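Accompanying notes for the structure given below.
One-based numbering, in listed order, for ligands and for the atoms of each. Just so it is clear, the model here is predicted, and its values are computed rather than measured. When reading the values below, keep in mind they use all heavy atoms of this one structure, side chains included, and skip hydrogens, waters and symmetry mates.
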Amino acid sequence: MKFFVDTAEIEPIRELAATGLLDGVTTNPSLIAKSGLDFKEVTAEICKLVDGPVSAEVVALDHETMMKEAEVLRRIADNVCIKVPLTVDGLKTCKALTGEGTMVNVTLCFSANQALLAAKAGASFISPFVGRHDDNGFDGMDLIEDIRLIYDNYAYATEILVASVRHTGHVLQAAKIGADVMTAPPKVIHDLFKHVLTDKGIEGFMADWAKTGQSIL
Ligand code: G3P
């Protein structure tokens, strides 16, 4: 399973990239606004920190302007993945861009039928928002299961990128279902490393090791 981090903050990306476990980055207009940074500058900086796809989202709502924005964004770096909303114009843009060999992440997906449309439009990634689905009284993981089934039925190459991840349980369930990618805020990724028994075990081993008076180096 690929791990993307969902942020436009440079330091958390640098820190996670150093673990060797980070496969990509996703941003959106809200995350750019939260960072307070210049969109194009921060995207260029992020693209230098990770080799994998870095999603940068268009903000136009019509196909023609989306294409113009995508042209500016994809010139930033080879690993820019253009993010488009799941609308008629967004999918028209997706089809055109993927036809030219540009990676596209279709975002704001809340139904399996929408995910089917994105696959037909040749999307590289589909981003179902599980957290926001849960917030509205649905089960986000049912959506992931349905999309997995449909994509497998037709052998679509579109990767399921589980987005709007709020906790480690979402990551576990997504992995069990066989989602290709998950994107989570830095805190959730750091939480994946944690277990109380790991901490306790280290404490015990260190205490016993100290009693030996030995050193490895
Ligand atoms: O980047 C899209 C998605 O991950 C947003 O998450 O927490 O704002 O619903 P959230």
Side-chain angles (χ1 to χ4, degrees), residues 1-13 16-17 21-37 39-40 42-43 45-47 49-50 52-61 66 69-70 73 76 79-87 90-91 93-94 103-112 114-115 117-118 123-144 147-148 158-175 177 179-192:
M1 188 188 208
K2 293 177 201 164
F3 279 16
F4 290 0
V5 64
D6 198 28
T7 185
E9 312 280 343
I10 294 295
E11 278 320 307
I13 296 172
L16 284 165
L21 302 177
L22 189 64
D23 302 296
V25 177
T26 49
T27 66
N28 62 39
S30 303
L31 293 171
I32 296 293
K34 193 175 161 203
S35 76
L37 300 168
F39 182 26
K40 288 179 248 176
V42 76
T43 303
E45 187 72 21
I46 296 169
C47 287
L49 292 176
V50 293
V54 174
S55 288
E57 189 161 341
V58 296
V59 289
L61 297 177
M66 280 183 191
E69 290 181 350
L73 296 174
I76 293 175
N79 55 334
V80 166
C81 174
I82 305 297
K83 207 173 184 187
V84 299
L86 210 151
T87 60
L91 292 189
T93 304
C94 173
M103 284 186 289
V104 177
N105 176 0
V106 177
T107 190
L108 291 165
C109 169
F110 292 93
S111 82
Q114 288 181 319
L117 291 170
S124 318
F125 301 99
I126 181 68
S127 289
F129 278 29
V130 293
R132 293 192 195 183
H133 213 62
D134 292 353
D135 292 345
N136 284 277
F138 303 97
D139 185 340
M141 286 302 151
D142 285 349
L143 176 59
I144 304 303
I147 300 172
R148 181 74 283 158
T158 301
E159 294 187 52
I160 303 173
L161 195 173
V162 178
S164 186
V165 163
R166 302 276 165 76
H167 50 75
T168 57
H170 276 149
V171 181
L172 177 64
Q173 286 173 279
I177 294 166
D180 304 283
V181 193
M182 73 88 199
T183 188
K187 183 190 178 301
V188 174
I189 298 180
H190 286 290
D191 285 349
L192 292 169

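- By the 4.5 Å heavy-atom criterion applied to side chains, Val106 and Leu91 are counted as neighbours.
- Put simply, the side chain of Asp134 reaches to within 4.5 Å of the side chain of His170, judged on heavy atoms.
- The side-chain heavy atoms of Ile32 and Glu57, taken from C-beta on, include no pair separated by under 4.5 Å.
- On a distance-only criterion, Thr26 and ligand 1 share no N/O pair closer than 3.5 Å.
- Scanning all protein heavy atoms for the shortest distance to atom 4 (O) of ligand 1 gives Asp6 OD2, 2.6 Å.
- Ligand 1 has at least one atom lying under 4.0 Å from a heavy atom of Asn28.
- Looking from atom 2 (C) of ligand 1 to the surrounding protein, the closest heavy atom is Phe129 CZ, 3.3 Å.
- Residue Arg132 places at least one N or O, backbone or side chain, under 3.5 Å from an N or O of ligand 1.
- Atom 6 (O) of ligand 1 has Ser164 CA, 3.3 Å as its closest protein atom, hydrogens excluded (heavy atom only).
- Residue-to-ligand polar distances place Arg166 within reach of ligand 1: an N/O pair is separated by less than 3.5 Å.
- For Met182, the heavy-atom gap to ligand 1 stays at 4.0 angstrom or more.
- Contact detail for Val5 and Leu22: the closest heavy-atom pair is N-CD1, 3.6 Å.
- Taking 4.5 Å as the limit, every side-chain heavy atom of Asp180 sits out of range of all side-chain heavy atoms of Lys2.
- Contact of the Thr26 side chain with the Leu161 side chain is registered, since non-hydrogen atoms from C-beta on lie closer than 4.5 Å.
- Here is the list of ligand 1 atoms found below 4.0 Å of a heavy atom in Ala163: 4 (O).
- Ring geometry for Phe125 versus Phe4: interplanar angle over 60°, hence perpendicular rather than tilted (30 to 60°).
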